[in-house]
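A quick note: this is a predicted structure, and the numbers were derived from the prediction, not measured. When reading the values below, keep in mind they use all heavy atoms of this one structure, side chains included, and skip hydrogens, waters and symmetry mates. Letters A, B, ... mirror the listed sequences (proteins, then strands); counts begin at 1.
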2 protein chains.
Amino acid sequence: MTRPTVNDIAREAGVSLATVDRVLNARPGVRDKTIHAVNDAIRRLGYVRDVAAANLARGRDYRMAIFLPDTESQFVQTLIDALQEAAAGAATARVGMELHRFPAEDMHALAAQLAALPARDLSGVALMAPETPVVRDAVKALRAKGLPVVAIVSDLPNTERDHYVGIDAQASGRTAGVLMGRFLGGARGRVMVIANSMHLRESIERRRGFDEVMQRNFPGIEVLQSLETHGQPATLRQAVRQMLAHAPDVTGIYLLGSGHRALAAVLSEFGLLGRVTVIGHELTPHTRQALESGHMDAVITQNLGHLARSALRVLRAKADRQPIDESQETLRIEIVIRENLPPATA
Amino acid sequence: MTRPTVNDIAREAGVSLATVDRVLNARPGVRDKTIHAVNDAIRRLGYVRDVAAANLARGRDYRMAIFLPDTESQFVQTLIDALQEAAAGAATARVGMELHRFPAEDMHALAAQLAALPARDLSGVALMAPETPVVRDAVKALRAKGLPVVAIVSDLPNTERDHYVGIDAQASGRTAGVLMGRFLGGARGRVMVIANSMHLRESIERRRGFDEVMQRNFPGIEVLQSLETHGQPATLRQAVRQMLAHAPDVTGIYLLGSGHRALAAVLSEFGLLGRVTVIGHELTPHTRQALESGHMDAVITQNLGHLARSALRVLRAKADRQPIDESQETLRIEIVIRENLPPATA
DNA sequence: GCATTTTTGAGGGACGTACCTCATGCTTGC
DNA sequence: GCAAGCATGAGGTACGTCCCTCAAAAATGC
């Protein structure tokens with residue numbers, strides 16, 4: 001009726017509890033024959049270790065440090081909410097989380113913070129940061145201290161990070177591209193691309209994926225050069241105004257980064273709001289609102305709740321030197337339009 | 001450093017462990033003043049109950065019975081895989097699952113199986129079944145026995161089920177409609193609709209959502225009457241052949257149910273494979289393959305892994321008479337195209 | 001066959017919580 | 001101010017696992 005326990009195994013295998021324990025935890029000093037006998041009993045009874053009890057007994061606690069840029073962006077804020085919720089849920093698994101913020105533009109500051117981390121008391125580090133030499137070295141140093149490091153949202157492929165949790169930027173650019181092409185009816189047209197900065201790996205890869213699809217599948221559509229806004233709404237407004245003056249026949253706009261509200265403002269100036277196809281990234285309260293009001297047509301996003309939970313799970317597995325279930329940790333590239341907008345989280 | 005325990009609360013609140021326990025578990029015999037003092041201490045220390053330890057101590061075991069039709073469809077098979085994986089994961093939380101199959105067309109048989117359930121040893125029941133009077137009564141009987149009942153995949157809105165885990169069929173029909181309309185370029189065109197049976201609530205609601213969007217947003221597109229295949233590939237082939245003969249200018253096909261391979265076969269006869277826009281539901285190995293090969297343009301689906309986990313979580317919560325975190329249990333309507341196809345699971 | 005090493009058994013304390021009993025202190029009302 | 005009742009404290013056992021120690025048994029080498 002109830003699940004078998006270690007005692008049941010001992011009885012079934014005709015050995016003592018101590019021996020079962022030795023086998024279960026791969027402790028030395030057991031003959032192969034006995035190991036087999038115990039494993040047989042385990043299989044026969046269908047025993048599964050009570051992980052909760054095991055963790056309890058181990059008294060293991062996990063402390064994860066998460067590093068995020070101190071930008072005020074809605075995306076980061078949404079991510080923080082997701083992380084905090086994930087941490088609350090992970091408390092059951094004895095996982096604690098501490099959030100650190102670093103100056104978005106100052107990788108030396110980040111490196112300093114990482115270096116100052118008390119490696120002893122920590123089980124793992126997750127960070128969202130652009131890949132610069134300084135960051136690379138800092139990650140290397142953490143790994144040398146034996147700390148697992150996970151890159152989130154933005155990958156650090158040329159470092160020794162243990163894992164990346166997030167979606168493939170280029171694939172999400174391709175997804176955006178297909179939608180743009182098909183929404184424009186496959187006909188001719190001009191598409192404007194707006195980025196925060198084309199120095200960010202994210203932006204570059206998204207754009208690359210987007211261009212790849214446009215060239216291959218929709219050669220009739222002309223994709224204009226990226227505008228860079230540096231996160232300044234004013235810069236965005238000015239640049240878009242200028243471009244619309246030169247190319248008033250723009251039928252689509254691809255937003256690589258943020259700036260949805262500023263864009264809506266300019267478009268309404270030109271009477272284009274809702275008349276050009278706008279596709280962007282990351283579901284936040286702003287983009288949600290834009291979808292609802294018909295100012296945007298699609299958003300390519302990832303589920304930040306999953307991302308947060310996955311990051312903590314992966315760090316935990318790495319801390320225990322356990323294998324990762326890749327299939328569970330793969331984030332999906334989600335397509336959101338008005339009709340499948342998930343209800344607001346509150 | 002480590003998490004506070006009940007003992008810490010006792011010390012902090014200046015009461016005994018027994019009193020803290022009484023407060024935590026809402027046992028009687030504690031003055032309001034003391035309750036407050038304890039709760040204050042809990043808040044001050046940021047105490048969170050160690051659920052794992054609590055369950056251990058409670059010695060509570062959950063046994064959930066899941067009922068699925070015995071159809072050989074890939075969808076059901078995929079769902080079974082997801083459920084088994086979810087059950088494996090839930091073993092940590094002392095949740096066990098037993099799978100039951102019933103003859104897909106025989107609701108009396110299902111009712112009999114449900115009635116024969118040993119309510120004592122069970123913590124909850126989940127089922128995927130069409131809503132018929134017999135099923136309604138069976139659900140009512142289960143509830144009368146005190147068993148939580150959750151409808152999965154297909155809702156049973158007019159029963160006393162405790163919860164529904166799955167996506168809104170009408171909303172997913174709307175999503176399919178928008179994609180169809182936009183992929184067809186918003187121009188004129190004819191769309192064929194193919195269903196297993198238009199008696200299924202699922203099909204009716206999907207079609208209703210689809211029509212709603214088409215009429216409102218794409219009045220230039222004509223949506224033909226639904227073809228019914230009753231799950232027979234031969235019937236599908238014949239019906240589609242006939243309709244294509246009458247209306248060779250079909251530009252889009254909306255598949256409410258299964259039959260992707262049979263459809264591909266007919267389309268290739270007519271040289272239309274990859275030339276008409278095909279949109280369907282549920283990501284299975286077949287639809288995945290159809291997306292990859294360009295025979296389908298989009299699939300509206302739900303994440304069965306989430307569905308399975310959610311069903312078990314909800315049953316568990318209901319069994320404990322605990323509230324449900326609606327936001328966590330809401331499934332998203334996912335849009336899958338070739339570019340954002342998640343990697344195959346196995 | 002004896003000493004040595006390896007394998008096994010027996011037992012216990014710990015983790016954090018639930019739940020039980022019994023005793024004692026503290027409030028009440030009268 | 002005294003009995004009755006209520007509120008609290010003290011202490012114990014249990015859940016399933018980990019991890020430790022010590023002793024006893026079995027296998028091994030020579």
Side-chain angles (χ1 to χ4, degrees), chain A residues 1-42 45-62 90-96 320-322, chain B residues 1-39 41-42 45-62 90-96 319-322:
Chain A
M1 210 80 269
T2 55
R3 282 169 42 175
T5 74
V6 275
N7 283 295
D8 299 323
I9 300 180
R11 203 174 327 110
E12 175 80 11
V15 300
S16 79
L17 206 130
T19 300
V20 173
D21 179 68
R22 290 183 183 109
V23 174
L24 275 177
N25 297 287
R27 273 185 259 279
V30 187
R31 275 184 306 172
D32 281 2
K33 207 179 105 189
T34 316
I35 294 186
H36 259 91
V38 171
N39 280 328
D40 270 4
I42 289 179
L45 297 180
Y47 168 83
V48 270
R49 188 202 229 94
D50 185 327
V51 191
N55 278 337
L56 218 209
R58 266 202 200 95
R60 185 114 167 63
D61 263 8
Y62 305 84
T92 307
R94 324 184 70 70
V95 174
D320 287 344
R321 294 201 168 66
Q322 287 207 328
Chain B
M1 214 77 269
T2 56
R3 281 170 45 177
T5 74
V6 276
N7 282 296
D8 298 323
I9 300 179
R11 204 175 326 110
E12 176 79 12
V15 300
S16 79
L17 204 130
T19 300
V20 173
D21 179 68
R22 290 180 183 112
V23 173
L24 275 177
N25 296 288
R27 273 186 259 278
V30 188
R31 274 183 306 174
D32 281 4
K33 209 178 105 189
T34 316
I35 294 185
H36 259 93
V38 172
N39 281 328
I42 289 179
L45 296 181
Y47 168 82
V48 272
R49 187 203 230 91
D50 184 328
V51 192
N55 278 338
L56 218 209
R58 270 204 195 92
R60 185 114 167 63
D61 262 9
Y62 306 84
T92 307
R94 325 183 70 70
V95 173
D320 287 344
R321 295 202 168 66
Q322 287 208 329

Is any side-chain nitrogen or oxygen of [X] closer than 4.0 Å to OP1 or OP2 of [N]?
X: A:S16; N: C:dG9; value: yes
X: B:R27; N: C:dC19; value: yes
X: B:T19; N: D:dG9; value: yes

Could you check how far [atom1] of [X] sits from [atom2] of [N], rounded to whole Å?
X: A:R49; N: D:dC19; atom1: CZ; atom2: P; result: 9 Å
X: A:L24; N: D:dG16; atom1: CG; atom2: P; result: 14 Å
X: B:N7; N: C:dA18; atom1: CG; atom2: P; result: 12 Å
X: A:N55; N: D:dC19; atom1: CG; atom2: C1'; result: 15 Å
X: B:D8; N: C:dT17; atom1: CG; atom2: C1'; result: 13 Å
X: B:I9; N: C:dT17; atom1: CD1; atom2: C1'; result: 11 Å
X: A:Y62; N: C:dC15; atom1: OH; atom2: C1'; result: 14 Å
X: B:L17; N: C:dT17; atom1: CG; atom2: C1'; result: 9 Å

Rounded to the nearest 0.5 Å, the CD1 atom of B:I35 sits from the CZ atom of B:R22 at a distance of 11.5 Å

Starting at OH of A:Y62, measure out to CG of A:N55 and round the result to the nearest 0.5 Å.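 Going from OH on A:Y62 over to CG on A:N55, the span is 5.0 Å.
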
For B:R58 and B:R31, find the nucleotide of DNA chain C closest to each by heavy atoms; which residue's nucleotide sits nearer the 5' end?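 By nearest-heavy-atom nucleotide position, the 5'-most residue is B:R58.
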
Given that A:R22 and B:V20 both sit by DNA chain D, which one's nearest nucleotide is further toward the 5' end?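 Going by which nucleotide is closer to the 5' end, it is B:V20.
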
On DNA chain D, compare the nucleotides closest to A:Y47 and B:I35; which residue's is nearer the 5' end?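 Nearest nucleotide further toward 5': that of B:I35.
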
Does some side-chain heavy atom of B:V6 sit less than 4.5 Å from a side-chain heavy atom of B:D21? no

Would you indicate what B:N25 reaches in the nucleic acid, counting non-hydrogen atoms under 4.0 angstrom: base, sugar-phosphate, or nothing?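 If one applies the 4.0 Å heavy-atom cut-off, B:N25 turns out to touch the sugar-phosphate alone, with no base involved.
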
Which part of the nucleic acid does B:A18 contact within heavy-atom distance under 4.0 Å: base, sugar-phosphate only, or nothing? base

Ignoring the backbone of [X], work out which of [options] is nearest its side chain.
X: B:V15; options: D:dT17, D:dG9, C:dG16; answer: D:dG9
X: B:D50; options: D:dT17, D:dC19, C:dG16; answer: C:dG16
X: A:L56; options: C:dA18, C:dG16, C:dT8; answer: C:dG16

Smallest heavy-atom separation, B:R49 atom then B:L24 atom, equals NH2-O, 3.5 Å

Intermediate values then yes/no, side-chain contact (heavy atoms from CB on, under 4.5 Å), A:T19 and A:V30: CA-CA 7 Å; A:T19 300; A:V30 187; 4.2 Å; yes

